[in-house]
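Notes follow once the structure below has been shown.
Here is how names work: the chains are called A, B, and so on, in the same order as the sequence lines, proteins then strands, and each is numbered from 1.
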Number of protein chains: 2
Amino acid sequence: MTPPRARSRRAADAGLSPSAVSALAGELRLACMRISRRVRFESPHVVAPHQFSVLCRLEEAPRTPSELAEIEKVSGPSMTRTVAALVERGLVARTDDPADRRQVILSLTPAATTVLKDIRRKRDAWMSVRVGHLTPAEQDVLRQASAILTRVANE
Amino acid sequence: MTPPRARSRRAADAGLSPSAVSALAGELRLACMRISRRVRFESPHVVAPHQFSVLCRLEEAPRTPSELAEIEKVSGPSMTRTVAALVERGLVARTDDPADRRQVILSLTPAATTVLKDIRRKRDAWMSVRVGHLTPAEQDVLRQASAILTRVANE
DNA sequence: TATTGTTATACTCTATAACTATA
DNA sequence: TATAGTTATAGAGTATAACAATA
């Protein structure tokens with residue numbers, strides 16, 4: 001009768017109070033925000049955040065400006081601007097779509113792949129140092145938490 | 001002989017390979033970023049991010065524009081502008097410093113306290129719903145992880 | 001006529017440099 | 001002369017509206 005509520009019941013069955021859930025949620029949200037903030041501030045900014053985001057999308061697959069604007073929740077003209085800057089920096093390549101000549105296919109250049117790898121390496125480095133200083137038990141907790149948080153974020 | 005390295009040794013003793021630490025760090029960093037992003041996008045934007053940040057600083061203690069600019073890593077004029085917007089919205093109060101009349105003391109208004117409470121309540125709500133859907137075991141993992149992550153972020 | 005993408009224009013947040021008031 | 005803060009001006013990023021090219 002209540003298949004959609006199956007997952008909520010699991011927690012409710014243990015009698016975890018709503019206020020305890022709320023407190024945990026608040027702490028966890030803050031912890032994630034602080035980690036993100038630290039990583040962002042400590043890492044060098046080779047490309048701006050919105051540019052980095054676009055590069056990541058193009059890494060998944062070549063896309064049109066419209067698709068990128070839709071995914072990134074920005075206007076068409078904004079994406080035109082962002083893409084133009086990336087093209088000028090030699091990180092994105094434009095190709096005319098032979099099937100529909102109104103469209104443009106955007107893709108990463110080899111230089112962009114190198115840049116992305118470099119950015120991630122540096123970001124991971126900050127976190128690696130700190131995770132490396134934890135006890136094995138703490139690392140194990142984080143390993144499990146990582147999987148749970150990823151699932152929650154992708155819900 | 002190696003007291004400063006005591007904490008690093010704890011992990012090293014268990015033989016956790018550098019690449020495993022690196023992989024965990026990368027996953028964790030991404031998970032935290034995604035959670036932050038979702039919370040930010042799903043929550044209504046009553047005040048802009050930089051304004052919210054300033055309100056949080058003033059909640060800790062009244063400060064001068066210079067102090068805020070220093071803490072937030074922005075220029076003086078930028079902070080002047082941000083503060084002016086908050087004053088205009090009735091969220092920040094200006095007081096002349098009687099000891100040094102060049103300075104201005106900024107503090108939160110009662111309205112700001114209400115706004116901050118409201119923002120946090122809504123942000124926690126997004127996270128609460130999701131945490132509430134997890135199993136007690138998963139919630140326990142997150143409770144432990146939350147403490148560890150908070151410590152890491154504040155290091 | 002509808003769609004893809006760009007250009008035109010304006011608003012916001014950022015910065016550096018120059019200015020005012022106080023110490 | 002040095003410091004706290006503001007004003008002046010310019011550079012990014014965002015948006016909406018109007019336009020060009022193609023379907």
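DNA chain C is contacted by both A:Arg81 and A:Ile105; A:Ile105 maps to the nucleotide lying nearer its 5′ end (nearest heavy atom per residue). With the nearest nucleotide of DNA chain D identified for both A:Gly76 and A:Ala99, A:Gly76 has the one nearer the 5' end.
The side chain of A:Ser75 approaches D:dA15 more closely than any other nucleotide in the set D:dA15, D:dT6, C:dG5. Each of C:dG5, D:dG5, D:dT14 was ranked by its minimum atom distance to the side chain of A:Thr80; first place goes to C:dG5. Which of D:dA8, C:dT14, D:dA15 sits closest to the side chain of B:Ser78 comes down to C:dT14.
Nucleotide C:dA23 holds its C1' atom 7 Å from the CG atom of B:Asp100, rounded to whole Å. Rounded to an integer number of Å, the gap from A:Lys73 NZ to D:dA15 P is 12 Å. Here C:dC13 presents its C1' atom at 16 Å from NE2 of B:His45, a figure rounded to the nearest Å. Between the P atom of D:dG5 and the CG atom of B:Asp96 lies a distance of 11 Å, rounded to the nearest Å. The nearest whole Å value for the distance from the CZ atom in A:Arg101 to the P atom in C:dT4 is 16 Å. The distance between atom CZ of A:Arg89 and atom P of D:dA12, rounded to the nearest whole Å, is 12 Å. D:dA12 atom C1' lies 20 Å from atom CZ of A:Phe52, rounded to whole Å. Atom C1' of nucleotide C:dT12 and atom NE2 of B:His50 are separated by 8 Å, given to the nearest angstrom.
Using a 4.0 Å heavy-atom criterion, one finds that A:Ser66 contacts the sugar-phosphate atoms exclusively.
For A:Arg102 and C:dT3, a side-chain-to-base donor-acceptor distance below 3.5 Å is present, hydrogens and geometry of angles not being considered.
The side-chain heavy atoms of A:Leu28 and A:Leu149, taken from C-beta on, include a pair separated by under 4.5 Å. A heavy-atom distance below 4.5 Å is found between the side chains of B:Cys56 and B:Arg120. Annotation: side chain of B:Leu106 is not in contact with side chain of B:Glu67 (no heavy-atom distance under 4.5 Å).
Taking 4.0 Å as the cut-off between side-chain N and carboxylate O, A:Arg101 and A:Asp96 do not count as a salt-bridged pair. Between A:Arg63 and A:Glu72, none of the side-chain N atoms (NZ, or NE/NH1/NH2) sits under 4.0 Å from a carboxylate O, so this pair counts as no salt bridge.
Phosphate proximity of C:dT6 to A:Arg94: present, with a side-chain N or O under 4.0 Å from OP1 or OP2.
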